[in-house]
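Structure first, then comments.
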Amino acid sequence: MARYYITTPIYYVNAAPHIGHAYTTIVADVVNRFYKLMGYETFFLTGTDEHGDKIVQAAQEAGLEPQEYVDRISSLFRETWPTLTISYDHFIRTTDADHQRVVQYVLQKVYDAGDIYFGSYEGLYCVGCERFYTEKELVDGKCPDHDRPPVVRKEENYFFRMSKYQAWLIEHIEQHPHFITPERYRNEVLGFLRDPLEDLCISRPKERLSWGIPLPFDDRYVTYVWFDALINYISALGYPNGDRFHRFWSTAHHLIAKDILKPHAVYWPTMLKAAGIEPFQSLHVHGYWKIDEGKMSKSKGTVVRPLDLVHTYGLDAFRYFLLREMVFGLDANFSEEALVQRLNADLANDLGNLFSRTLAMAQRFCGGVVPALPATAPSLANEFLSIKAEEVKELYRAAMVEMEFHKALIALWELINRANKYIDETAPWEMAKRKDHERLATVMRLLLEINRLIAVLIAPFMPTTTQAMLERLGVRRSVEALRWTEDTALVRLTEGTPVQKGDALFPRVDNTTIRQRKGEDPSAVEVDRRVGAELIPLDLLQKVHLLVGTIIEAARIPKSKKLLKLTVDLGEKRQIVAGIAAHYEPDELIGKQVVVVENLMPAKLMGVESRGMVLAATSGDVLSLITTEKPMPNGSVVK
Ligand code: MSP
């Protein structure tokens, strides 16, 4: 059986999880779910990095002992992930006894092989922080915390002979194009490998830092935090003898952001080489989430916490947004407005409408069950929509393998939009009127099957939505049990199975919600018309002729996302084009009473004649048709 091992960085426990951590961990979850769907045996690892001076400092600031502090923050990470439907297989902590044992084992092995030596280190040391700084970390040549220049200090330490493996590493990267992806990061690494590689200092004297794993060959020292942390990827599999290590290590894929490229692309492979362990398969590097085009910062109050957003906008909308918005490898900007925009347009409108329209029609035209395919109907595979579905499946799969999640979703949305158009073009309600039962059953069956296929393809991204869609389509299968070969086939539903429409999959969100969440005054929402417009005389108002009417027909206008063509009975029938397609389904409008401006000059909208205007109230993204408080005869005057 093919296998796939996916890891996230183990996060420092000096801060609570934010959207950056959530992104990498959700990507890992999406990848894991995708490979499971493809039939692979997978293993998904995440965890926390708990040693080092940063952690000691954070514990001191919190007024806690390091152990108590790391226990607390580590659980915060461990408990956050399942609430985002992230299903990891193992959560590793660098304070786990098993991990510490493996770190010591690897250190001893590399030491015995002669690749760790005792030497002296001279560097820039801040007495206040009790640690060395690199030139880059200093601000104007001073320690950023103490605002004073560091002193030059010499210290005896242990070093890993990293330089010895430089030539090997360059060759390995050059011969394995997928070792570091996307390519920009591979080039970046090859770029810094052009300069000679220095050996890596891998110890800290205990008198300076005691919160770490003691060196097995000299207990006056603890292990440098990166040498300790990177080993988590093998200790979690039970290296050296664990069964998991033998089964999964050769299929290891590491996910990280660009901030920790060097330790993963240089320290880690050379450490593995020195320990006689084969290199990982691939390192996949993504960009940074920025807030308002800047870095997330505690002091600016721009740290985005995933759980706050999930409570407001829903879990799957959040997961979808992150994966759709960021091009893997590049930076992306996070804004709540952009999230709401995608939620309303892609999820509520495109996907939500397709699903509710299909099920509403199945209710009306197929007696609420999956229709049988008429024996004489041509194969579903010949329909244009089916051909599109096959094409999209391939694009989706190829994009997922390349970690191009936004491309996979764009392809999938092409299918969703194509299916929405298919409904407009085939107009099943006309077939019902014509009593063309054969064609109606064929079209409806295909639509139900395409909705099922879409539910399967969104499963890695939005598993909760998939489960809800499958249940309403009468498919008794858990999202975890879905498999590509069987479940992406074109025909899978069972005829005669009841289907149910249910509530909207994604309720629309308006801008008031963002303001409320940000603690702003929600009554300050922009409204389309405000109190205080120009005054008009009564006779001008009397020129506007308002009548009550009933909508008797409603249909989408091809190529328009906004417009619906309505026939309204005002005592006489009127064709009116209304910009309400984003807010109402044609089906749900039939029989609604509305208020119409009857004497508006005729106009053509998208080539369709409109005589009159239907009135609606709007506020931000919300729109509601105006109706009378009790039913009135058609043609009643509004005054
Ligand atoms: N403990 C080390 C990793 C050791 S792995 C052997 C560490 N921890 S961290 O808490 O700082 O996490 C860094 C990682 O968090 C990034 O590589 C990325 O996965 C994620 N992100 C943190 N902030 C991020 C953004 N603003 N945007 C995207 N991802 C970010 O480094």
Side-chain angles (χ1 to χ4, degrees), residues 6-31 45-55 57-58 70 73-74 76-78 80-81 84 86 88 91-96 99 102-103 106 180 185 202 211-213 223-237 252-269 271-272 280 283-298 300 302-306 321-323 325-335 403 405:
I6 183 83
T7 69
T8 73
I10 46 172
Y11 304 110
Y12 286 130
V13 287
N14 59 352
H18 59 58
I19 191 171
H21 308 122
Y23 174 74
T24 317
T25 319
I26 291 173
V27 169
D29 188 61
V30 169
V31 170
L45 176 72
T46 188
T48 42
D49 189 353
E50 306 185 4
H51 290 129
D53 42 21
K54 276 192 197 183
I55 309 299
Q57 231 172 29
V70 298
I73 309 281
S74 177
L76 213 54
F77 277 89
R78 197 172 47 246
T80 296
W81 302 145
L84 301 176
I86 293 169
Y88 52 77
F91 189 97
I92 190 162
R93 302 180 56 183
T94 52
T95 49
D96 289 342
H99 168 77
V102 176
V103 170
V106 173
I180 302 167
Y185 296 108
I202 53 130
W211 185 242
I213 303 176
T223 314
Y224 169 49
V225 64
W226 271 105
F227 203 96
D228 159 2
L230 288 160
I231 289 174
N232 92 90
Y233 299 132
I234 54 172
S235 69
L237 296 181
H253 291 255
H254 299 310
L255 266 179
I256 58 164
K258 61 184 186 181
D259 55 336
I260 49 178
L261 179 60
K262 192 170 179 184
H264 281 82
V266 180
Y267 305 176
W268 183 222
M271 281 166 65
L272 287 165
F280 50 83
L283 176 66
H284 304 280
V285 190
H286 64 76
Y288 245 51
W289 280 99
K290 303 201 160 160
I291 312 295
D292 302 328
E293 307 296 341
K295 262 194 123 173
M296 240 183 284
S297 119
K298 252 196 208 165
K300 279 197 250 156
T302 54
V303 177
V304 180
R305 303 268 169 232
F321 173 76
L322 292 185
L323 274 285
E325 196 72 7
M326 181 175 258
V327 174
F328 192 90
L330 304 181
D331 291 349
N333 192 47
F334 178 86
S335 86
M403 304 253 166
F405 310 104

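Note that ligands are numbered from 1 as they come in the structure, with each ligand's atoms numbered from 1 the same way.
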If you measure from each non-hydrogen atom of [X] to ligand 1, which part falls under 4.0 Å: side chain, backbone, both or neither?
X	answer
H264	side chain
K295	neither
D259	side chain

- Message: Under a 4.0 angstrom heavy-atom cut-off, which atoms of ligand 1 come close to W226?
- Response: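 By the 4.0 Å cutoff, the relevant atoms are 2 (C), 3 (C), 4 (C), 5 (S), 6 (C).
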
- Query: Taking only residues two or more places apart in sequence or in another chain, which ones pass ring-ring contact (aromatic ring centres under 6.0 Å, His included) with Y23?
  - Reply: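 For Y23, the residues satisfying ring-ring contact (aromatic ring centres under 6.0 Å, His included) (neighbours in sequence not counted) are H286, W289.
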
- Query: Does H18 have its ring centroid less than 6.0 Å away from the ring centroid of Y11?
  - Reply: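 No, they do not, as the ring centres are separated by 6.0 Å or more.
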
- Option with minimal heavy-atom separation from atom 14 (C) of ligand 1, where the choices are Y11, Y233, F77, W268: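 Selected option, by shortest heavy-atom distance: Y11.
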
- Of the listed options (A15, G20, A28, G47), which comes nearest to atom 24 (C) of ligand 1 when hydrogens are ignored and any heavy atom counts?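 It is G20 whose heavy atom sits nearest to atom 24 (C) of ligand 1.
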
- Which protein heavy atom lies closest to atom 3 (C) of ligand 1, and at what distance to 0.1 Å?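 For atom 3 (C) of ligand 1, the nearest protein heavy atom comes out as I10 O, 3.2 Å.
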
- Item | Minimum-distance protein heavy atom relative to atom 23 (N) of ligand 1 |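 I find the closest protein heavy atom is H18 CE1, 3.3 Å.
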
- Message: Could you check whether any heavy atom of Y288 sits closer than 4.0 Å to an atom of ligand 1, since that is the contact criterion I want to use?
- Response: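 Yes, Y288 has a heavy atom closer than 4.0 Å to ligand 1.
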
- Query: Is the shortest N/O to N/O distance between P9 and ligand 1 below 3.5 Å?
  - Reply: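 No, no N or O pair falls under 3.5 Å.
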
